[in-house]
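Read the structure below first, then the notes.
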There are 2 protein chains.
Amino acid sequence: MHRDSEFDPQDFLPYLLNQAAETLSLEFQRHYRGQYGMLRTEWRVLFHLGCYGEMTAKDICVRARLHKTKVSRAVAALQTRRFLTRRELERDRRHAVLQLTALGQKVFADLSRAAHAFDLKARAAMTPDEAEILHRCLIRIAGFETAQRTG
Amino acid sequence: MHRDSEFDPQDFLPYLLNQAAETLSLEFQRHYRGQYGMLRTEWRVLFHLGCYGEMTAKDICVRARLHKTKVSRAVAALQTRRFLTRRELERDRRHAVLQLTALGQKVFADLSRAAHAFDLKARAAMTPDEAEILHRCLIRIAGFETAQRTG
DNA sequence: GCTTGTTAGTTACATTCACAACCAATAGTT
DNA sequence: AACTATTGGTTGTGAATGTAACTAACAAGC
């Protein structure tokens, strides 16, 4: 029935990673999408602003590895919802520093809590050793090694 | 400068998984996209047909966890490129069994080889133990545990 | 036969995305 | 000052996606 199996899709790392990522992402979606009607990119931008404090759109592009158009649109959406404000710099009016409003911070706090709980639940399916190795491998694959942490 | 760090995006499993998956997927894209102008979904459909032999669109939906509309469109695209043929069943004309053409099989063989090499290269960045644990964890997260293997 | 329900697959439409072109502000060169 | 390059960010357009509505084939009950 089937060809000599060169190898199984499940053994192909990009495929397996995508399935795993999709599974968790779809599950967590219900928090930011269901509760706040946010898109994935918007949640990411909010998440980064909440975690790292105020920064420019460009900073978010680099940190979150998002294309500037996606960030631009996500920021616009978050702004109309009063989740963040933009403040232009006088020394260089091309930059606009983004900052969560009180409302945005409340939403971030809520989602951050949910995210943390979600993370713990996910890790509960493995031993601490496994969780640590998984984390290490993913960091390496994503290329987060030395970069990112320094900001 | 930044808020009390509840936790870092890099510690949030869905995010980290997505970044890792995106990194590898984008890298491998150049094979099926660069060489054959295929889309991700098309590559997946081809991959599944090549690995498991002829099957219906529905089967692919279940195995590859793709929505039927995506499969429908991918199949149409692969068909116009003469990568596969569809054969209706007389006993139930709703079903159409899909099957790679000789050309499709050649493309599959090529991409399959590339995929295997890619996979080896990716795993070379870890120890065998790490690779095995990573695989195990991802299978578990993706929910491939008992399902999928049985066909 | 005729209705109702289910399943395999396609089509239509509205949203989202990728990519390129664009604009405005700054920096560098002459 | 004028000319070009670069950078931060936005906008416009076609391609890709998600969701729902749809068609066609079968199945079951009457």
Side-chain angles (χ1 to χ4, degrees), chain A residues 18-19 21-23 25-27 29-30 32-34 36-46 48-49 54-81 84-99, chain B residues 18-19 21-23 25-27 29-30 32-34 36-46 48-49 54-81 84-99:
Chain A
N18 260 298
Q19 291 287 2
E22 243 0 71
T23 301
S25 289
L26 285 178
E27 212 177 317
Q29 244 196 17
R30 74 185 194 82
Y32 58 81
R33 187 168 186 150
Y36 300 102
M38 288 168 71
L39 259 29
R40 189 130 102 200
T41 310
E42 295 166 23
W43 150 238
R44 283 204 193 171
V45 167
L46 185 93
H48 279 258
L49 278 173
E54 55 177 46
M55 56 204 302
T56 72
K58 173 74 183 193
D59 293 334
I60 299 178
C61 290
V62 175
R63 284 235 195 224
R65 294 179 172 185
L66 290 168
H67 195 262
K68 57 184 181 173
T69 62
K70 284 180 91 165
V71 171
S72 175
R73 281 166 175 139
V75 165
L78 292 172
Q79 193 178 12
T80 61
R81 284 176 198 219
L84 63 78
T85 55
R86 57 197 324 157
R87 174 169 44 84
E88 285 197 346
L89 290 186
E90 302 88 48
R91 29 160 270 169
D92 188 341
R93 250 163 309 166
R94 284 172 305 181
H95 295 78
V97 176
L98 306 170
Q99 162 168 243
Chain B
N18 259 298
Q19 291 287 1
E22 242 4 68
T23 301
S25 289
L26 284 178
E27 211 177 317
Q29 245 195 17
R30 74 185 194 82
Y32 58 82
R33 186 170 186 150
Y36 300 103
M38 288 168 72
L39 259 28
R40 191 130 101 199
T41 309
E42 296 167 22
W43 150 238
R44 282 204 193 172
V45 167
L46 185 92
H48 278 259
L49 279 173
E54 55 178 44
M55 57 204 303
T56 71
K58 173 73 180 190
D59 293 334
I60 297 177
C61 290
V62 175
R63 284 233 194 227
R65 294 177 172 187
L66 290 168
H67 191 87
K68 57 185 180 172
T69 62
K70 283 180 91 166
V71 172
S72 175
R73 291 194 254 247
V75 165
L78 292 172
Q79 193 178 12
T80 62
R81 284 176 197 219
L84 63 78
T85 55
R86 58 196 323 157
R87 175 169 43 86
E88 284 197 347
L89 289 186
E90 301 91 45
R91 29 160 269 167
D92 188 341
R93 251 164 308 166
R94 284 172 306 182
H95 294 79
V97 176
L98 305 170
Q99 166 170 238

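To find a chain, count down the sequence lines: A is the first, B the second, and so on, and within it residues start at 1.
- Residues B:Leu49 and B:Gln99 have side chains not in contact (no heavy-atom distance under 4.5 Å, counting atoms from C-beta outward).
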Anything under 3.5 Å between a protein N or O and an N or O of nucleotides 14-16 of chain D, put it in a table, one pair a line.
none

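- In this structure, A:Leu66 places its CG atom 16 Å from C1' of C:dC19, rounding to the nearest Å.
- Closest heavy-atom contact between A:Arg40 and A:Tyr32: CD-OH, 3.3 Å.
- Contacts of A:Ala77 classified as side-chain contact (heavy atoms from CB on, under 4.5 Å), with partners at least two apart in sequence or in another chain: A:Glu42.
- Among the protein residues, B:Ala96 comes within range of the sugar-phosphate backbone only, with heavy atoms under 4.0 Å from sugar or phosphate atoms but none that close to a base.
- Every residue was checked against the side chain to side chain donor-acceptor pair (under 3.5 Å) condition with A:Thr41, not counting sequence neighbours, and none meets it.
- Legend: side-chain hydrogen bond (donor to acceptor under 3.5 Å, both in side chains) pairs involving residues 67-77 of chain B, not counting sequence neighbours: none detected.
- As rounded to whole Å, 17 Å separates atom P of C:dT15 from atom CD of A:Gln29.
- For A:Lys70, counting side-chain heavy atoms from C-beta on, the closest listed nucleotide (C:dA18, C:dA25, D:dC26) is C:dA18.
- Residue B:Arg91 contributes atom CZ, which lies 16 Å from atom P of C:dT7 at whole-angstrom precision.
- The distance between atom CG of B:Leu78 and atom P of C:dG9, rounded to the nearest whole Å, is 15 Å.
- With sequence neighbours excluded, the residues forming a side-chain contact (heavy atoms from CB on, under 4.5 Å) with A:Thr56 are A:Lys58, A:Asp59, A:His95, A:Val97, listed by chain and number.
- Atom CZ in A:Arg87 sits roughly 17 Å away from atom P in D:dG8 (whole-Å rounding).
- Contact check, A:Arg93 against C:dA24: no side-chain N or O comes under 4.0 Å of OP1 or OP2.
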Using a cutoff of under 3.5 Å, can you pull out all pairs of nitrogen or oxygen atoms linking the protein to nucleotides 10-14 of chain C, with atom names and distances?
residue	atom	partner	partner atom	Å
C:dT10	OP1	B:Arg86	NH1	3.3
C:dT10	OP1	B:Arg86	NH2	3.0
C:dT10	OP2	B:Ser72	OG	2.5
C:dT10	O5'	B:Ser72	OG	3.4
C:dA12	N6	B:Arg73	NH2	3.4

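- For B:Arg87, the salt bridge (Lys or Arg N to Asp or Glu O under 4.0 Å) partners at least two apart in sequence or on another chain are B:Glu54.
- Atoms CE (A:Met38) and C1' (C:dT16) sit 16 Å apart, rounded to a whole Å.
- What separates CD of A:Glu42 from P of C:dT16 is a distance of 8 Å, to the nearest Å.
- Here the side chains of B:Arg63 and B:Met55 are in contact, with some heavy-atom distance below 4.5 Å.
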Listed pairs, N/O of protein and of nucleotides 1-3 of chain C, under 3.5 Å:
none

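- Put simply, CG on B:Leu98 is 13 Å from P on C:dA8, counting in whole angstrom units.
- For B:Arg86, the side chain to side chain donor-acceptor pair (under 3.5 Å) test picks out B:Gln79, with sequence neighbours left out.
- Residues B:Leu98 and B:Ala57 come closest through the heavy atom pair CD1-N, 3.9 Å.
- Every residue was checked against the side chain to side chain donor-acceptor pair (under 3.5 Å) condition with B:Thr85, not counting sequence neighbours, and none meets it.
- By the neighbour-count criterion of 12 heavy atoms within 6.0 Å, atom CZ of B:Arg33 is sparsely surrounded, having that number or fewer from other residues, nucleotides or ligands.
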Return the polar atom pairs (N/O with N/O) between nucleotides 3-7 of chain D and the protein under 3.5 Å, or none.
residue	atom	partner	partner atom	Å
D:dT7	O2	A:Arg94	NH1	2.9

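- Not counting sequence neighbours, the partners of B:Arg94 by the side chain to side chain donor-acceptor pair (under 3.5 Å) test are B:Asp92.
- Between A:Asn18 and B:Arg44 the shortest side-chain heavy-atom distance falls below 4.5 Å.
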